[in-house]
2 protein chains.
Amino acid sequence: MADGPTINTIAERAGVSIASVSRVLNGLPTRQETERKVLKAAEELGYVRNAVARSLKSRRTDQVAFAMADVGNPAYLAMLRQIQPVLKAAGYRLVLHSTDAVAADEIDVLHSLGERYVDGLIMSPLRVTDAHLEMLAAARAPVVIIGSVPEGTPVDNVRADSRTGVRLAVDHLYALGRRRIAMVNGPLDTVPGAARGAAYREALEDLGLPYDDDLVQIGDFYRAEGARAVAELLARVPDVDALMCANDLIALGALDVLRAAGRRVPDDVAVVGMDDTDLAAASWPSLTSVSLGSAERGKVAAELLLDRLRGGDREPRVVTVAPRLAVRASTAGPAYEPADRKEGGA
Amino acid sequence: MADGPTINTIAERAGVSIASVSRVLNGLPTRQETERKVLKAAEELGYVRNAVARSLKSRRTDQVAFAMADVGNPAYLAMLRQIQPVLKAAGYRLVLHSTDAVAADEIDVLHSLGERYVDGLIMSPLRVTDAHLEMLAAARAPVVIIGSVPEGTPVDNVRADSRTGVRLAVDHLYALGRRRIAMVNGPLDTVPGAARGAAYREALEDLGLPYDDDLVQIGDFYRAEGARAVAELLARVPDVDALMCANDLIALGALDVLRAAGRRVPDDVAVVGMDDTDLAAASWPSLTSVSLGSAERGKVAAELLLDRLRGGDREPRVVTVAPRLAVRASTAGPAYEPADRKEGGA
DNA sequence: TTGTAGGCGTTATCAG
DNA sequence: CTGATAACGCCTACAA
């Protein structure tokens, strides 16, 4: 762990100037002989470029960050899988941050942007506080937000249309004859929580169904929390016949609880998730879910960031990705009995 | 996105020297008046320290990296959840890398260590190639490997004891009366794949059970791959009565396939996973799984790294975490029928 | 307590 | 094509 060699060490050993070393290392035109000597010396010394010094001079790190609110949520993984290759192909290394939706951690990541550790940032905050907005306004490197920020925030913004998404789901449930459609949501002070809650209410009203506070249960966007919320809901409203869950993890928790309670899905209670993650197709029964285009949003976000990094000093752009309903067994297919019925939903 | 202010900008505005600015910003003793002026100027300018320049001088970044082979595997998340707070408490920012078990990506992360972007690294490689070992030997910053590296590799090493772990599981299955115990493994050229495969063979032999190639199926450490592998296995060896899966994801895939095939778990086929992730307890039926102490390993790794970062220039240390069998429904409990039987396993 | 100046390892400009 | 040399932004003796 002794101090590593620098271009100076190489220069000495090769008997050339540091300028020549730098040139060789950066592939600039050099005499064959010089190049050979330098490369040989570098090799022998086990030289590794000090990227920190390089960044200081070049003002670039060739690194980009993606800050995820919940690493355990496959929706973010779907984004990651799209973001990673796009940036990699463009020569950037992607570093991840796990913020656990803690505002302070997100602010810290934003801060690290200012510290110049990365050239750009993709972030998907659950809550958007004033502190967030301040830092975004002051950001000196490109930021792309996946999720919604207020109009006028000077960053690119890739949005889901959860309003339409929730409507797709509620309409689907209604079409199946469900009339006691409950909503299991995450915290209302989160961006998705607020949007999905409002959308649910709106969808019901448009269908002429009464909005009933009892049918709304707030928990959090995790499986265990979802399960807890659904347990409470069932106790309070035993006649509920459909659950609109604010994400797939909540929906999986719902399935756990319904199974334990002996309620058949979808016969007794239909369940819809959101995000259409891998888990939705893999669960039992498989889960109908509203795709909010996680993968697509990741891809778009990466491309927007890349565009900015390449010098696009354009107006902030807002892209909205369209939702899609993936109908599966939890609302329309066979429930516990070994498959074969063919009825299809909606 | 104009060029940000530096300590020079602040110095001018505050009418002091850059040295004073630096001192104030670092909390060194300064006259009240000076401090006030500097802080005011910094505030007004929206100053953010350039961490790159700071690092160049101080030779520290206060950042540490954790390279995960598979972000989608909850076993790594369990590690992460332990690593994160330990390092954070010590003042380090944790950055994550997703390598997808691609050797080239892992080498790149190791390279980034040499580039001085981070002060240390925790890494959990699936395969350990010569290139890995070379870079580890040459590493100029502390590295902790979660997983096994050959004796003599000059890095701290936190190991699981999958040998004992597999044995616990196989013995358990044997005690339940199972005699056609198959193994569903990941690639044999991975460290865990090789270890678990060998352990399985050894465990059978010690029980006096014949080792049968037909009972071994190689796939990969993901759910879909696990499902595929189990489907093949079932087709080839219909009378199998127990599956020892090399991790929980494979085991979940196994449950999917068994359910689709109408085989009852555990009545017809008992299933054991490894890693004892959150998913094991949450699956249906809940999954018996060998805990290899992911959380514990993460914690130990973080502490070892911290020790090194604090100057511990000691001998490389090897810590092995003991396995534990978590018995659940997939081997011992009720299967598909609504619970109530009380028999307990082993 | 404060300012001046040197240096961290690179890159890039400018003469030679 | 090559070699001095000046930044990049910050920290830190050392001197005042």
Side-chain angles (χ1 to χ4, degrees), chain A residues 2-39 41-42 45-63 111-119 140-141, chain B residues 2-39 41-42 45-63 111-119 140-141:
Chain A
D3 256 23
T6 71
I7 54 173
N8 278 286
T9 330
I10 298 180
E12 275 178 38
R13 185 175 190 118
V16 301
S17 73
I18 61 166
S20 288
V21 175
S22 176
R23 274 188 289 261
V24 170
L25 262 24
N26 288 299
L28 296 177
T30 327
R31 205 200 326 164
Q32 284 259 319
E33 172 63 5
T34 310
E35 178 171 345
R36 206 188 47 70
K37 284 192 294 186
V38 168
L39 291 179
L45 290 166
Y47 172 78
V48 179
R49 169 180 19 205
N50 183 326
V52 170
R54 174 196 175 79
S55 300
L56 178 57
K57 182 66 187 168
S58 66
R59 302 160 147 283
R60 309 178 310 126
T61 63
D62 294 329
Q63 294 196 136
H111 203 79
S112 81
L113 226 204
E115 290 176 310
R116 307 277 199 237
Y117 271 137
V118 291
D119 296 341
R140 296 208 177 73
Chain B
D3 257 21
T6 72
I7 53 172
N8 277 288
T9 330
I10 298 181
E12 276 180 37
R13 183 173 190 120
V16 301
S17 74
I18 62 168
S20 288
V21 175
S22 176
R23 274 189 287 261
V24 171
L25 262 24
N26 287 299
L28 297 177
T30 327
R31 206 200 326 165
Q32 283 257 321
E33 172 62 6
T34 310
E35 177 171 347
R36 206 188 46 70
K37 283 192 294 187
V38 168
L39 291 179
L45 290 166
Y47 173 78
V48 179
R49 168 173 30 206
N50 183 326
V52 170
R54 174 198 176 78
S55 300
L56 179 57
K57 180 69 188 171
S58 66
R59 302 162 145 284
R60 308 180 308 127
T61 63
D62 293 330
Q63 293 195 136
H111 202 78
S112 81
L113 226 205
E115 290 176 310
R116 304 273 201 263
Y117 269 139
V118 291
D119 296 341
R140 295 207 179 73

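This one's a predicted model, so the numbers in the text were calculated from it and none came from an experiment. A, B, ... follow the sequence lines: proteins, then strands. Residue 1 opens every chain.
The local environment of CD in A:Gln32 is sparse, with at most 12 non-hydrogen atoms from other residues, nucleotides or ligands closer than 6.0 Å.
Closest to the side chain of B:Pro29, from the set C:dT10, D:dC11, C:dT1, is C:dT1. Relative to the side chain of B:Lys57, the nucleotides C:dT1, C:dG9, D:dT12 differ in distance, and D:dT12 lies closest. Which of C:dG6, C:dT11, C:dT2 sits closest to the side chain of B:Thr30 comes down to C:dT2. In this structure, the nucleotide among C:dT4, D:dC11, C:dT11 sitting nearest to the side chain of B:Arg54 is D:dC11. Checking C:dT10, D:dC10, C:dG3 against every side-chain atom of A:Tyr47, the shortest atom distance belongs to C:dT10. For B:Leu56, whose side chain is taken as the heavy atoms from C-beta onward, the closest listed nucleotide among C:dT1, D:dG9, C:dT11 is D:dG9. Each of C:dT10, C:dG3, D:dC8 was ranked by its minimum atom distance to the side chain of A:Asn8; first place goes to C:dT10. The nucleotide whose nearest atom lies closest to any side-chain atom of B:Arg31 is, among C:dT11, C:dT1, C:dG3, C:dT1. For A:Ile18, counting side-chain heavy atoms from C-beta on, the closest listed nucleotide (D:dG9, D:dG3, D:dT5) is D:dT5. Side-chain proximity of A:Ala19 to the nucleotides D:dG9, C:dG9, D:dG3 is greatest for D:dG3.
Put simply, CD1 on A:Ile7 is 14 Å from C1' on D:dA6, counting in whole angstrom units. Rounded to whole Å, atom C1' of C:dG9 lies 13 Å from atom CG of A:Asn26. Between the C1' atom of C:dT10 and the CZ atom of A:Arg60 lies a distance of 13 Å, rounded to the nearest Å. B:Leu25 places its CG atom 12 Å from the C1' atom of D:dG9, with the value rounded to the nearest Å. Distance OH (A:Tyr117) to P (D:dG9): 16 Å, rounded to an integer number of Å. Taking atom CG of residue A:Leu28 and atom P of nucleotide D:dT2, one finds them 11 Å apart after rounding to whole Å. In this structure, B:Glu33 atom CD and C:dT2 atom C1' are separated by 14 Å, rounded to whole Å.
Side chain of A:Ser22 to main chain of A:Ala19: no donor-acceptor pair is present (N/O by atom type, distance under 3.5 Å, no hydrogens or angles). Panel note: side chain A:Ser55, backbone A:Ala51; a donor-acceptor pair is recorded below 3.5 Å. Of the possible polar contacts, none joining the A:Tyr117 side chain to the B:Gln63 backbone as a donor-acceptor pair under 3.5 Å is found. Between the A:Ser112 side chain and the A:Glu115 main chain, no donor and acceptor come within less than 3.5 Å of each other.
At the phosphate of D:dC11, neither OP1 nor OP2 sits under 4.0 Å from any side-chain N or O atom of B:Arg59. The side chain of B:Ser22 contributes no N or O atom lying less than 4.0 Å from OP1 or OP2 of D:dC10. At the phosphate of D:dG9, neither OP1 nor OP2 sits under 4.0 Å from any side-chain N or O atom of B:Thr6. Residue B:Asn50 has no polar side-chain atom (N or O) positioned under 4.0 Å from OP1 or OP2 of D:dC8.
The base of D:dG3 sits with one of its N or O atoms less than 3.5 Å from a complementary donor or acceptor on the side chain of A:Arg23.
In this structure, B:Val52 reaches neither bases nor backbone, as no heavy-atom distance under 4.0 Å exists between it and the strands shown.
Along DNA chain C, the nucleotide nearest B:Ser20 and the nucleotide nearest B:Ala53 are compared for position; the residue whose nucleotide lies closer to the 5' end is B:Ser20.
A side-chain donor from one of B:Asn26 and B:Arg49 sits under 3.5 Å from a side-chain acceptor of the other.
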